[in-house]
**Student:** 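Just dropping this structure here.
Predicted, not measured: the structure shown is a model, and the values here were computed from it.
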Amino acid sequence: MNTWSVDKIYNLLKFLLRQNQSGSISVSDFFNAWNTEQNAYHSDLLGKWQKISNNKTGTNTGLIMNETIMTQLAPFTIAGSVAIASGQATKPDDFIYGLARRLELSGDEFLVTKINHGQKWYVNNDVIDPPSVTNSSYYIIEYEYYYEVLPTSATGNLQLDYIAHPEDVKWGFTYDAQNRQVYNAGLSIQPKWSIPTVIEITKRTLTNFGVSYKDRDFTNFGEKNTVTGDS
């Protein structure tokens, strides 16, 4: 995905500070705030998507909004796999929200039915379709850090499609001969968002620091970087 590097974001900050003749903001302070805004933006998007998904109106507006949000969240939509051990499958560290689940065993995939905690007793005692490896009848119950898998004798892997937490971006650097920080892309962690979203998150961060900007500043800066070849 085409996006801005952390160095380009930081150069934009310095560009605006010079333009406004403002004081300095350290790179660590700026990106700590940027990551806070990134997390808030991600949470807001996910909340909107959940609200639309739960409101099954079937309207075109809802479908379009849903598609738009999922496109923005696409860089954080992960297809993962976690091993099942003793009837439990531990969620990945970056897990936020599960989209789909399947049980994989010896190369074959089986449907998994998600139930709530209050249904566990009824499912285990169901005379028609209880949890069964023989009949490939599998159920899961979600907890904060793991899924309980029924029957508990189930083995294999739980295939998970999920929304991941955004990784904190980082402006990595080394020191030059004068002991000055010099940007190092290899030590950096780049944003995964599209350019419009990176700009929106950056605007929110700039506002928190009281840095003045106009929309055309982003256009002017983008044109300047296109001419100089900066990324």
**Student:** Any sub-3.5 Å donor-acceptor pair from Asn157's side-chain atoms to Gln159's backbone N or O?
**Tutor:**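 No, the answer is negative, given that no donor and acceptor are paired below the 3.5 Å cut-off.
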**Student:** First locate atom CD of Gln38, then atom OG of Ser43, and finally report the distance between them rounded to the nearest 0.5 Å.
**Tutor:** 10.0 Å
**Student:** Return the orientation label for the Tyr147 and Phe95 ring planes: parallel under 30°, perpendicular over 60°, tilted otherwise.
**Tutor:**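 Rings of Tyr147 and Phe95: perpendicular, over 60°.
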**Student:** Side chains of Asp94 and Tyr162 only: does a donor on one sit below 3.5 Å from an acceptor on the other?
**Tutor:**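 Yes - a donor-acceptor pair under 3.5 Å links their side chains.
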**Student:** Could you name each residue pair satisfying ring-ring contact (aromatic ring centres under 6.0 Å, His included) that touches residues 111-131, not counting sequence neighbours?
**Tutor:**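 Applying ring-ring contact (aromatic ring centres under 6.0 Å, His included) to every pair that reaches into residues 111-131, excluding sequence neighbours, yields His117-Tyr143.
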**Student:** Can you tell me how far the OH atom of Tyr138 sits from the CG atom of Leu150, to the nearest 0.5 Å?
**Tutor:**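 Those atoms lie 12.0 Å apart.
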**Student:** May I ask you to decide if the ring planes of Phe15 and Phe221 are parallel, tilted or perpendicular, using 30° and 60° as cut-offs?
**Tutor:**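 If you compare the ring of Phe15 with that of Phe221, the planes turn out tilted.
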**Student:** Just by distance, do the side chain of Asn35 and the backbone of Asn32 share a donor-acceptor pair under 3.5 Å?
**Tutor:**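 Here the side-chain-to-backbone pair does not exist.
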**Student:** Search all heavy atoms of Val149 against all heavy atoms of Ala154 and return the closest pair with its distance.
**Tutor:**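 Distance-wise, the nearest heavy atoms are CG1-CB, 3.9 Å.
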**Student:** Hey, any chance Tyr41 and Ile69 share a hydrophobic cluster, counting ILVMFWY side chains that come within less than 4.5 Å of each other, even indirectly?
**Tutor:** yes
**Student:** Quick one: does any side-chain atom of Gln119 pair with a main-chain N or O of Asn116 as donor and acceptor, under 3.5 Å?
**Tutor:** yes
**Student:** Please check if the side chain of Thr3 supplies one atom and the backbone of Trp193 the other of a donor-acceptor pair under 3.5 Å.
**Tutor:** yes
**Student:** Please check: side-chain N/O of Gln190 versus main-chain N/O of Val6, any donor-acceptor pairing under 3.5 Å?
**Tutor:**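 Checked: pair present.
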